[in-house]
Peer 1: 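Below are the structure tokens for one structure; questions will follow.
Just follow the structure's listing: the first ligand is 1, and inside any ligand the first atom is 1. Numbers here are sequence positions counted from 1.
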Amino acid sequence: MNATERGIREQFSLWNKVDMRDVHPDPEAVTVVVGCGTSVHIADSIAASLNANSAFSRAVAGNEWTRRPQDYVPPSIRPNILALSRSGESTETVAAAIESRRKGLYVTAFTCAEGASLEKNADETVLAETHAEEGIVMTASASLMLLMGLRYAGISVTPETTAAAETLLAEADTQLTPLLEGRSHFVFLGAGALYGVAREGSLKLQEMSLSQTEAHHPLEYRHGPISLIDDRSLVVFLYHPDTLEEESILAKDLMAKGARVLGIGGPGTVSLSVSEGADVRPLVVLPVLQLFGEYVARSKGLDTLAPRHLTKVVTIA
Ligand SMILES: N[C@@H]1[C@@H](O)[C@H](O)[C@@H](COP(=O)(O)O)O[C@@H]1O
């Protein structure tokens with residue numbers, strides 16, 4: 001087992017160590033959540049969770065926030081910034097924090113890197129302890145920042161949530177191999193706060209297994225992308241409990257067209273049940289998406305420790 005896979009399987013003990021102290025959004029302010037790569041996908045789930053808990057928020061990619069903030073939030077609004085970065089050194093995220101503070105905006109950082117540039121350029125920082133040996137691909141660190149974001153949004157993440165995620169991963173572990181056989185077209189579907197993690201599942205699969213993948217809101221899939229479905233398709237369906245019925249009808253339709261469906265929290269060729277509620281579901285399902293990438297990589301004979309063309313941190317001179 002390489003460090004990437006170990007990071008996925010052994011992350012749960014870290015979840016229960018996260019200390020959030022009293023870090024919460026200002027309910028009167030808009031919160032812009034910034035990051036790059038995995039961190040901006042996690043940001044998307046956090047922003048959805050903040051909105052659902054009455055704190056207006058949106059996720060913006062680091063460089064977009066630095067270069068054209070007016071395209072995301074009107075200049076008359078002065079948002080607070082939540083910056084996410086495992087390394088604390090991604091150029092675009094650090095630049096977004098610096099530029100935000102230059103304008104007098106309050107910056108909170110979630111990171112795994114104590115003393116890095118992001119912490120130095122934030123008003124407050126919450127640190128997560130991750131595996132020192134985590135590889136290029138973000139796994140436990142992504143889960144930890146999502147957990148922190150859910151707590152930031154006021155959602156209760158308890159040891160029971162951790163246990164539910166661990167049980168789900170163990171169940172997935174026994175079911176994934178037969179699903180993959182003959183499949184080369186991968187789709188991730190998720191609604192609301194599950195959309196960010198659907199995108200993250202898709203990114204994980206690209207990074208780990210060099211596969212072409214896509215992520216969509218479930219009912220958007222009928223509006224064009226469905227034309228690609230055939231007997232090479234594998235759809236990872238992250239069911240939202242509020243829209244289970246309409247999503248189940250879509251899954252049935254996809255299976256009738258030849259797709260296999262990994263149904264997480266709903267029906268599929270393989271169905272995994274999720275005991276926890278909608279608010280923590282993005283976190284509970286995330287390790288399964290990480291393990292999915294590992295399985296597809298293994299089926300292609302690829303090592304996920306150091307995927308081609310990727311570095312752990314992207315710094316731009
Ligand atoms: N290859 C890594 C990605 O896996 C990571 O998601 C991104 C953001 O990193 P960080 O969270 O450290 O800012 O950086 C690089 O592109």
Peer 1: Should R199 and D44 count as an ion pair when the cut-off is N to O under 4.0 Å?
Peer 2: yes

Peer 1: So, do F237 and F188 have ring centers that fall under 6.0 Å from each other?
Peer 2: no

Peer 1: Decide whether E92 and S90 meet the rule of one side-chain donor and one side-chain acceptor closer than 3.5 Å.
Peer 2: no

Peer 1: In the structure I gave you, are the side-chain heavy atoms of P287 and Q11 within less than 4.5 Å of one another anywhere?
Peer 2: yes

Peer 1: Would you check ligand 1 and list the protein residues that come within less than 4.0 Å of it by any heavy atom, ordered by chain and number?
Peer 2: C36, G37, T38, S39, S85, R86, S87, S90, I136, M138, E207, T311, K312, V314

Peer 1: Side-chain donor-acceptor contacts of residues 54-61 below 3.5 Å, not counting sequence neighbours, with atom names and distances?
Peer 2:
unit_1: S57; atom_1: OG; unit_2: T31; atom_2: O; d: 2.8
unit_1: R58; atom_1: NH1; unit_2: Y72; atom_2: O; d: 3.1

Peer 1: Are side-chain N/O atoms of K300 and S211 paired as donor and acceptor at under 3.5 Å?
Peer 2: yes

